[in-house]
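Take a look at the structure set out below.
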Amino acid sequence: MGNVGAKEVPVLLSPDGRRIDGRKLDELREIRIRAGALHQADGSAFVEWGANKVMAAVYGPREVHPRHLQQNDKAVIQCRYNMAAFSVDERKRPGLDRRSQEISKVIAEAFESVVFAEEYPRTSIDIYIEVLQANAGTRCAGLVAASVALADAGIPMVDLLPAVAVGKIGGAIALDLKKEEDNFGEADLPMALVPQSGRLVLLQMEGHMTEAELAESLDLGVKGCRDIYEKMKQALRERYALRPSDRGAA
Ligand code: ADP
């Protein structure tokens, strides 16, 4: 049978340490963040990160639906992460599959660590993340977009939540995997950081790496998160300092 049906594995790392898109191992893809991209939501943000395009909208604090989820001592944080049918090469079956449910859950739990939910008992803070175009790292792009959207909605938080995936490709640890690196690499490790405290509030791993590689990955990821954090703050500064007229229209 030989190679029948086998996918050709691309060379992920050149001999001089360059990746398939020319990046160095510790280099992020280009990131653009726009706070307040939608006018109907209480807060919103649009993130273009490499070939990812992700919109986040936030509503709340508002009445809880469904009512039985209401909590008397704090706001409930609900998240719906969704990938559009046209967001990937092969048309994705629309709707909430297991992967979307898992990502929605881990993102909601990450925000429970930073939102001052006890200030809004018996309410809901609803986060919608729509992935319009996907190229690996969409849960991280979703976290970044949702953080900026929450801040844009004026929801009090300890801090924003920058996030990035680190992984192992061609035997080396690399920052911010793109699709081919995620598919054909040896490991993928998305994480989200509370920059002020240095605490990680999301950490997942697929694949294999050694303890030393894990330590190196965490270091690289934390540095990446701190760079993304600056871009997130800049997006909020642009929204509120340079474009005050948008605020009125929102
Ligand atoms: P993340 O997007 O957070 O990296 P995964 O590691 O699960 O999450 O997915 C990696 C990438 O694989 C996605 O960003 C997307 O490009 C692609 N992908 C995920 N689910 C599907 C699907 N159902 N159909 C086609 N491509 C998908």
Side-chain angles (χ1 to χ4, degrees), residues 5 7-10 12 19-21 23 25 27-33 45-56 79-111 127-149 160-170 173-193 200-209 213-214 217-218 220-222 224-225 228 231-232:
K7 274 200 178 168
E8 203 169 314
V9 178
L12 297 178
R19 296 157 68 175
I20 41 178
D21 56 3
R23 275 185 297 156
L25 286 167
E27 212 174 310
L28 289 166
R29 290 175 286 183
E30 198 177 318
I31 303 178
R32 279 197 301 246
I33 306 171
F46 184 54
V47 169
E48 289 177 272
W49 183 340
N52 290 317
K53 291 184 197 287
V54 178
M55 182 69 84
C79 176
R80 200 194 73 159
Y81 162 104
N82 181 53
M83 262 182 26
F86 51 80
S87 65
V88 288
D89 302 349
E90 293 156 39
R91 183 179 177 277
K92 181 195 161 286
R93 267 187 61 208
L96 287 183
D97 50 17
R98 271 191 58 194
R99 175 178 169 276
S100 307
Q101 285 175 28
E102 174 225 311
I103 295 178
S104 301
K105 183 169 182 288
V106 293
I107 291 179
E109 284 172 2
F111 282 115
I127 302 167
Y128 296 91
I129 296 170
E130 293 290 329
V131 178
L132 306 178
Q133 192 169 285
N135 193 281
T138 60
R139 76 196 64 204
C140 297
L143 271 152
V144 166
S147 289
V148 174
L160 298 167
L161 276 189
V164 74
V166 175
K168 187 175 168 187
I169 53 164
I173 301 304
L175 183 63
D176 187 18
L177 303 190
K178 75 192 295 274
K179 184 79 186 340
E180 293 82 350
E181 297 174 327
D182 180 300
N183 281 8
F184 299 108
E186 297 100 275
D188 174 33
L189 186 89
M191 65 186 83
L193 176 78
L200 292 172
V201 290
L202 179 141
L203 185 63
Q204 300 182 284
M205 187 164 104
E206 226 180 276
H208 303 273
M209 59 172 70
E213 287 168 342
L214 177 62
S217 299
L218 292 174
L220 189 60
V222 166
C225 282
I228 296 161
K231 294 177 200 288
M232 295 163 83

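Each ligand, and each atom within it, is numbered from 1 in the order the structure gives. The residues of the chain are indexed from 1 along the displayed sequence.
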Practice item. Sequence neighbours left out, what passes side chain to side chain contact (heavy atoms under 4.5 Å, CB included) with R32? Give chain and number order. Key: E30, E48

Practice item. Begin with the C-alpha distance, continue with both residues' side-chain angles, and end with the deciding distance and a verdict on side-chain contact (heavy atoms from CB on, under 4.5 Å) for V54 and Y81. Key: CA-CA 10 Å; V54 178; Y81 162 104; over 6 Å; no

**Study point:** Partner set under side chain to side chain contact (heavy atoms under 4.5 Å, CB included) for S217, not counting sequence neighbours
**Key:** V166, I173, L189, M209

Review point. How far does CZ of R80 sit from CD of Q101, to the nearest 0.5 angstrom?
Key: 11.5 Å

Point to revise | Partners meeting side chain to side chain contact (heavy atoms under 4.5 Å, CB included) with E102 (sequence neighbours left out) | key: R139, Q204

Exercise for review: Select all protein residues for which some heavy-atom-to-ligand 1 distance is less than 4.0 Å, and list them by chain and number.
Suggested key: M83, V88, K92, R99, A134, N135, A136, G137, T138, R139, K179, D182, D188

**Study point:** Trace of the side-chain contact (heavy atoms from CB on, under 4.5 Å) decision for Q133 with F86
**Key:** CA-CA 7 Å; Q133 192 169 285; F86 51 80; over 6 Å; no

